[in-house]
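Shown next, in structure tokens, is the structure this report addresses.
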Amino acid sequence: MSNDFNIQSKITHIELPKTLVLVLPGGMFGSAESQLGRKAREYRNAVAEEILSHEGHFAVIDGFLSDEIQRGFDDVIEKGLSNAILAAERAGCLNSVSAVRMYGCDTGESAYDGWQENRSCCLDKYFDGPDDAAEFLSEHLETSEITVTGAWATLDDSSGCVNGVAQTLRSLMPNTQVRISETAIFEEYEDGELDRQPVFNTFG
């Protein structure tokens with residue numbers, strides 16, 4: 001009597017989590033308010049909503065202006081980091097950058113005293129700037145898609161720390177979709193409202 005069992009191997013497709021990168025959030029406060037006035041709060045609120053609704057990895061790149069972040073927004077970041085840990089645990093891919101806060105100031109300044117105070121998931125390593133921090137992320141992230149937000153960005157992709165981080169990730173992770181979020185704070189806001197343009201959906 002022969003066994004006539006047909007055993008087929010099953011391949012399980014694991015969907016990697018998406019990643020949200022918040023660049024230099026301190027620039028969304030005093031700097032943004034001096035240039036954008038009361039509109040700055042509206043733009044910050046949009047970023048906060050994106051953080052709280054995001055399901056996946058979450059990375060924050062701080063700079064020297066992060067000492068201007070208001071407590072309420074820091075609470076939003078903390079909640080986003082907590083949510084990211086839970087999402088990574090559910091997906092079975094929790095690692096050192098699933099929820100991480102890094103210091104990479106665009107001016108090259110060292111971290112100020114108290115940067116890590118009352119903040120979780122802080123990486124005890126300082127980077128030369130946001131692009132250097134993005135390079136570190138590219139070496140450790142396991143993700144299907146990356147969205148970059150924060151301050152500042154430009155529509156023509158010619159400058160801005162948000163653009164720089166996105167460009168670095170695109171060049172080092174060519175098989176991963178990288179886009180700039182519509183919530184990023186654009187320099188063009190100084191001239192009025194923006195028309196939605198292709199920079200929002202740029203692929204790697």
Side-chain angles (χ1 to χ4, degrees), residues 18-54 56-85 97-134 136-137 141 146-154 159-169 178-187 189-190:
K18 297 179 180 180
T19 299
L20 178 65
V21 180
L22 175 62
V23 180
L24 303 183
M28 302 190 301
F29 289 84
S31 173
E33 287 167 1
S34 67
Q35 297 181 62
L36 306 174
R38 284 179 289 183
K39 276 282 188 181
R41 179 186 293 272
E42 177 185 325
Y43 302 142
R44 282 199 303 271
N45 288 343
V47 175
E49 289 175 11
E50 182 167 30
I51 293 170
L52 294 176
S53 63
H54 176 67
H57 301 319
F58 181 39
V60 183
I61 303 174
D62 281 302
F64 78 98
L65 290 178
S66 286
D67 64 349
E68 297 183 3
I69 297 175
Q70 295 168 1
R71 183 68 252 177
F73 196 88
D74 245 339
D75 290 342
V76 168
I77 292 176
E78 289 295 310
K79 180 62 175 174
L81 293 167
S82 176
N83 289 344
I85 292 171
V97 295
S98 297
V100 64
R101 197 158 188 172
M102 302 175 288
Y103 193 93
C105 189
D106 58 318
T107 62
E109 293 188 35
S110 301
Y112 57 87
D113 291 340
W115 167 63
Q116 298 188 32
E117 189 175 341
N118 298 320
R119 290 170 173 166
S120 61
C121 303
C122 293
L123 191 67
D124 196 18
K125 173 181 172 67
Y126 301 146
F127 298 91
D128 291 335
D131 296 354
D132 189 31
F136 174 83
L137 283 175
L141 271 178
I146 302 172
T147 299
V148 188
T149 190
W152 289 71
T154 55
S159 61
C161 291
V162 171
N163 300 70
V165 166
Q167 290 164 5
T168 297
L169 292 170
V178 180
R179 62 184 293 274
I180 293 175
S181 174
E182 293 182 17
T183 68
I185 297 186
F186 287 83
E187 293 178 10
Y189 276 139
E190 293 181 82

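Keep in mind that this is a model prediction, so the values were computed, not measured. Numbers here simply count residues along the sequence, with the first being 1.
Under the rule for a side-chain hydrogen bond (donor to acceptor under 3.5 Å, both in side chains), Ser82 has no partner lying at least two apart in sequence or in another chain. By the side-chain contact (heavy atoms from CB on, under 4.5 Å) test, Ser31 is found to be paired with Gln35, Leu65, Trp152, residues two or more places apart in sequence or in another chain being considered. When the side-chain contact (heavy atoms from CB on, under 4.5 Å) test is applied to Thr107, the partners found at least two apart in sequence or on another chain are Phe64, Cys105, Glu109. Glu49 meets the salt bridge (Lys or Arg N to Asp or Glu O under 4.0 Å) test with no other residue; sequence neighbours excluded.
With rounding to the nearest 0.5 angstrom, the SG atom of Cys121 is 4.5 Å from the CG atom of Leu81. Expressed to the nearest 0.5 Å, how far CZ of Arg119 lies from CD of Glu117 amounts to 9.0 Å. Ile185 contributes atom CD1, which lies 11.0 Å from atom CG of Leu24 (distance to the nearest 0.5 angstrom). Note that the CG atom of Leu20 and the CG atom of Asn83 stand 11.5 Å from one another [nearest 0.5 Å]. The CD atom of Glu42 sits 10.5 Å away from atom CG of Leu36, with the distance rounded to the nearest 0.5 Å.
Summarising the geometry of Ala134 relative to Leu169, their closest heavy-atom pair is O-CD2, 3.5 Å, with the distance given to 0.1 Å. The shortest non-hydrogen separation linking Ala153 to Val162 is CB-CB, 3.8 Å. Between Gly26 and Ile69 the shortest heavy-atom distance is CA-CG1, 3.8 Å. Scanning both residues, Tyr189 and Glu182, for their nearest heavy atoms gives OH-O, 4.0 Å. The two residues Ala166 and Val178 come nearest to each other via the heavy atoms O-CG1, 3.8 Å. Closest approach of Thr183 to Ala46, counting heavy atoms only: CG2-O, 3.8 Å.
Counting heavy atoms from C-beta outward, Met102 and Phe136 have side chains that approach closer than 4.5 Å. Considering only heavy atoms from C-beta on, Leu137 comes within 4.5 Å of Val100 through its side chain. Annotation: side chain of Ile61 is not in contact with side chain of Leu22 (no heavy-atom distance under 4.5 Å). Contact check for Ser181 versus Val148: no side-chain heavy atoms found under the 4.5 Å cut-off. Two residues are said to be in side-chain contact when any heavy atoms from C-beta on lie closer than 4.5 Å; Val21 and Thr147 fail this criterion. A heavy-atom distance below 4.5 Å is found between the side chains of Leu141 and His57. Taking 4.5 Å as the limit, every side-chain heavy atom of Val97 sits out of range of all side-chain heavy atoms of Phe58. No side-chain heavy atom of Lys39 sits less than 4.5 Å from a side-chain heavy atom of Glu33.
Residue pairs meeting the salt bridge (Lys or Arg N to Asp or Glu O under 4.0 Å) criterion with at least one partner in residues 121-134, sequence neighbours excluded, do not occur; the list is empty. Sequence neighbours left out, the pairs with a member in residues 59-72 that pass side-chain hydrogen bond (donor to acceptor under 3.5 Å, both in side chains) are Asp62-Ser66, Asp62-Arg101, Asp62-Trp115, Arg71-Asp75.
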Quiz prompt | Test log, rule ring-ring contact (aromatic ring centres under 6.0 Å, His included), inputs Tyr103 and Phe127 | solution = CA-CA 6 Å; Tyr103 193 93; Phe127 298 91; 9.6 Å; no
Quiz prompt | Check against side chain to side chain contact (heavy atoms under 4.5 Å, CB included), Ile180 and Thr149 | solution = CA-CA 6 Å; Ile180 293 175; Thr149 190; over 6 Å; no
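There is no side-chain donor-acceptor pair under 3.5 Å between Thr154 and Glu187.
Geometric assessment of Arg44 against the ring of Phe29 yields a positive cation-pi assignment under the 6.0 Å and 45° thresholds.
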